[in-house]
2 protein chains.
Amino acid sequence: MPKATIRDVAARAGVSTATVSRALSGARPVSPEVAELVRRAAADLGYSGNGIASALRRNRTDTVGMVVPSIANPFFTALVESVEHALQDAGQQLFLCSSRSDPALEAQRLRSLVARQVDGIVISPVHGTESTEAVAWAARELPLVQVDRYVTGVDSDWVGVDDDTALRLVVDHLAGRHVRSAAFVSSQLTNSSTELRLAGFQQHTDRAGIAVEDGQVLLGEYSIAWGRTAGERILRSAHRPDAVVCADDLIAFGVLQACHDLGLDVPGDVLVTGFDDIPYAALSAPPLTTIHQPQEQIAAEAVRLLQRALGREAGPPTRIALPPDLVVRQSTGR
Amino acid sequence: MPKATIRDVAARAGVSTATVSRALSGARPVSPEVAELVRRAAADLGYSGNGIASALRRNRTDTVGMVVPSIANPFFTALVESVEHALQDAGQQLFLCSSRSDPALEAQRLRSLVARQVDGIVISPVHGTESTEAVAWAARELPLVQVDRYVTGVDSDWVGVDDDTALRLVVDHLAGRHVRSAAFVSSQLTNSSTELRLAGFQQHTDRAGIAVEDGQVLLGEYSIAWGRTAGERILRSAHRPDAVVCADDLIAFGVLQACHDLGLDVPGDVLVTGFDDIPYAALSAPPLTTIHQPQEQIAAEAVRLLQRALGREAGPPTRIALPPDLVVRQSTGR
DNA sequence: TCGTCAAGAGCAATCGATTACATTCTCGTT
DNA sequence: AACGAGAATGTAATCGATTGCTCTTGACGA
């Protein structure tokens with residue numbers, strides 16, 4: 001038994017397909033009796049419409065594609081969930097893709113989303129330069145909003161957090177804890193926010209008179225494993241710093257593990273800070289002082305920008321840097 | 001400048017649209033010269049095809065919908081990622097929906113997926129009975145595979161873990177640690193695996209001679225907050241048990257927090273176990289003994305079953321219970 | 001009574017790609 | 001030389017819903 005089409009419903013209700021379409025979508029007025037007749041016929045046949053055919057004709061899929069570097073990273077997970085929620089209110093659905101931190105896979109995902117005619121794209125690009133070409137191309141084809149990270153040289157909307165302010169909050173907090181020297185652990189400088197965080201760290205430690213020894217800025221990747229490796233290297237070095245500032249919470253978890261492995265007390269022997277405030281940040285041993293990102297707000301703004309772009313073509317690219325919050329927990333003091 | 005269509009490509013290459021279609025998809029042989037001509041014309045125009053039109057004609061979207069109760073739960077996140085990976089090899093994409101543990105929203109998501117003509121659905125149903133109607137309906141419309149949890153009364157494929165074996169492993173391990181009494185913290189019995197885990201706990205503690213006092217089985221929800229509440233209640237009771245068995249890792253994290261708050265040592269004063277082996281299970285204080293779920297395998301089997309159902313209509317529903325592993329960490333001993 | 005107008009409904013074109021069927025052409029075979 | 005097979009290509013129907021345009025009908029004002 002093949003699926004019922006609008007033609008079947010029309011036949012059963014004794015009206016034309018045009019009337020069925022109008023009765024069910026409410027696009028144009030239909031007399032109440034006919035509307036009821038159509039509704040009943042549709043229900044009887046279990047008619048549920050063909051979104052594909054509708055999308056083809058209307059040239060609109062009511063679907064937004066989202067591409068993130070990793071679904072496993074709780075920060076992106078939270079962001080995805082927030083975006084999905086925000087879209088729901090606009091009657092749109094989310095097409096989720098993971099680029100697995102691979103620019104080639106990312107490009108493929110973007111091509112696929114464009115070919116599938118999504119109405120717009122929300123992306124957190126993998127790489128500051130290697131992602132540029134694909135993102136620029138997609139932005140030419142469709143409304144596109146970058147979130148969290150952005151690639152250089154693409155005129156698209158962007159929503160993220162103010163990384164410089166975030167590092168000022170962290171560094172000033174550490175200075176208030178009488179920290180005299182600090183190390184920084186991050187990922188390779190392959191994307192915008194990683195660069196901004198390092199720049200902020202350097203500028204604000206300098207300003208606050210906190211020493212950063214040579215070799216105490218380690219770049220690897222956003223993972224617990226790297227945090228552990230880097231943490232061991234830093235904490236075993238001749239000049240152990242008073243604090244380790246990490247570019248995300250996963251790295252900070254790894255550093256905390258390294259402290260534990262080496263028998264160092266946090267915050268007694270060394271202070272540790274993270275970035276993102278993922279849900280597990282409150283659960284580590286000790287709970288992590290970190291920067292809270294307003295993901296719901298990031299998501300809401302991103303969706304708003306997308307809707308705006310969908311409406312009319314005009315408008316210069318908008319860049320929104322939202323203010324971060326510092327969440328103080330025990331990794332930087334009692 | 002509107003997007004290029006197959007007609008534009010055909011005109012530029014001086015061939016028919018049929019030839020363009022065949023040249024680009026390789027569905028039927030085309031002479032090498034013409035193929036090259038078409039490829040060049042397509043490249044010149046930046047032609048990227050219209051997946052919607054293609055899907056309408058072929059009656060296939062190469063897209064699979066997935067519905068999970070929560071994107072925030074790392075277990076589901078890992079599962080989603082694994083499914084996405086498995087689908088990639090089959091040339092399909094993932095349409096992700098979160099039901100937010102709400103059967104009504106879940107039903108809406110399913111309707112939406114069916115209307116969008118996905119080729120199949122992978123779902124972890126929210127509720128053992130309240131999800132039944134929507135899942136049964138969707139299963140009638142499309143190939144559908146349930147993962148992890150399942151609803152009763154729907155003849156569909158299912159892939160999950162063997163919950164009974166899992167609890168046998170946990171309980172036997174605790175018995176080996178000379179545990180004489182235990183408590184159990186889980187979510188409300190609203191779905192299959194929750195029920196099976198409780199049943200397994202009761203059966204195996206009984207068999208192993210481990211006492212379970214009245215009021216030491218607490219049912220709430222799968223969250224850290226609930227674990228903390230339940231943990232406090234259990235650990236403050238007159239007969240504090242030797243061990244607390246939790247139905248998932250999030251609950252176990254909450255129980256660990258409660259132990260910490262009450263100044264109890266784990267594993268000195270009480271042993272704690274989890275379920276799922278999410279990535280953070282190794283990072284808690286102390287690291288959590290838990291059941292490892294083979295998500296990659298669950299995902300691979302789910303996708304395989306889906307492909308099979310896509311191929312031919314026949315075949316009775318298959319239920320695959322994969323064997324779990326016990327991962328022993330410090331929450332049950334040094 | 002007639003003309004005007006609007007509401008309600010239908011006809012048929014349309015969206016863009018795929019594909020059944022038809023056509024043309026080239027070989028090879030007898 | 002005639003015929004048939006098969007490769008390459010074209011023509012046009014098709015997928016299912018939407019919508020511009022047209023037609024009918026009834027109400028209302030002049």
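Please read these numbers as outputs of a predicted model, since none were measured by experiment. Chain naming here is simple, since letters A, B, ... match the order of the sequence lines and numbering starts at 1 in each.
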**Message:** Quick one, B/Gln146 with B/Ser156, criterion side chain to side chain donor-acceptor pair (under 3.5 Å). Give me CA distance, side-chain angles, the key distance, then yes/no.
**Reply:** CA-CA 7 Å; B/Gln146 299 186 70; B/Ser156 86; 3.0 Å; yes

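When each of C/dA9, C/dA17, C/dT18 is scored by its nearest atom to the side-chain atoms of B/Thr17, the top-ranked nucleotide is C/dT18. Here the side chain of B/Asn50 is nearest to one of D/dA17, C/dG16, D/dA8, namely C/dG16. Side-chain atoms of B/Thr5 lie closest to C/dA17 of the nucleotides D/dG10, C/dA17, D/dG16. For A/Arg28, taking side-chain heavy atoms from C-beta onward, the closest of the listed nucleotides D/dC21, D/dG10, C/dA17 is D/dC21. For B/Arg58, whose side chain is taken as the heavy atoms from C-beta onward, the closest listed nucleotide among C/dA9, C/dT18, C/dA17 is C/dT18. Listed candidates were D/dG10, C/dG16, D/dT9. Nearest to the side chain of B/Val30 is D/dT9. Checked against D/dT11, C/dT18, C/dG8, the side chain of B/Ser16 finds its nearest nucleotide in D/dT11. Comparing C/dA9, D/dT11, C/dC15 by their nearest atom to the side chain of A/Arg57 picks out C/dC15. With distances taken from any side-chain atom of A/Arg22 to the nucleotides C/dA9, D/dG16, C/dA17, the minimum falls on C/dA9. In this structure, the nucleotide among D/dG16, D/dT9, C/dA12 sitting nearest to the side chain of B/Thr19 is D/dT9.
B/Ser31 has no side-chain polar atom (N or O) that falls below the 4.0 Å cut-off from OP1 or OP2 of D/dA7. Contact annotation: B/Ser21 reaches the phosphate of C/dT18 (side-chain N/O to OP1 or OP2, under 4.0 Å). Of the side-chain N and O atoms in A/Ser54, none sit less than 4.0 angstrom from OP1 or OP2 of D/dA17.
Between A/Ser48 and B/Val114, the shortest heavy-atom contact is OG-CG1, 4.0 Å.
With salt bridges taken as basic N to acidic carboxylate O contacts below 4.0 Å, one links B/Arg308 and B/Asp157. Between A/Glu106 and A/Arg111 no salt bridge is recorded (no basic side-chain N to carboxylate O distance below 4.0 Å).
Taking atom CG on B/Leu56 and atom P on D/dG16, their separation rounds to 7 Å, with Å as the unit. A straight line from CG of B/Asn59 to C1' of D/dA17 spans 14 Å, rounded to a whole angstrom. Between A/Glu33 atom CD and C/dA7 atom P the separation is 16 Å, expressed in whole Å. Rounded to an integer number of Å, the gap from A/Ile6 CD1 to C/dA12 P is 17 Å.
Take the nearest nucleotide of DNA chain C for B/Ala53 and for B/Ala18: the residue whose nucleotide is more 5' is B/Ala53.
Not one N or O on the side chain of A/Ser99 forms a donor-acceptor pair closer than 3.5 Å with the backbone of A/Asp102.
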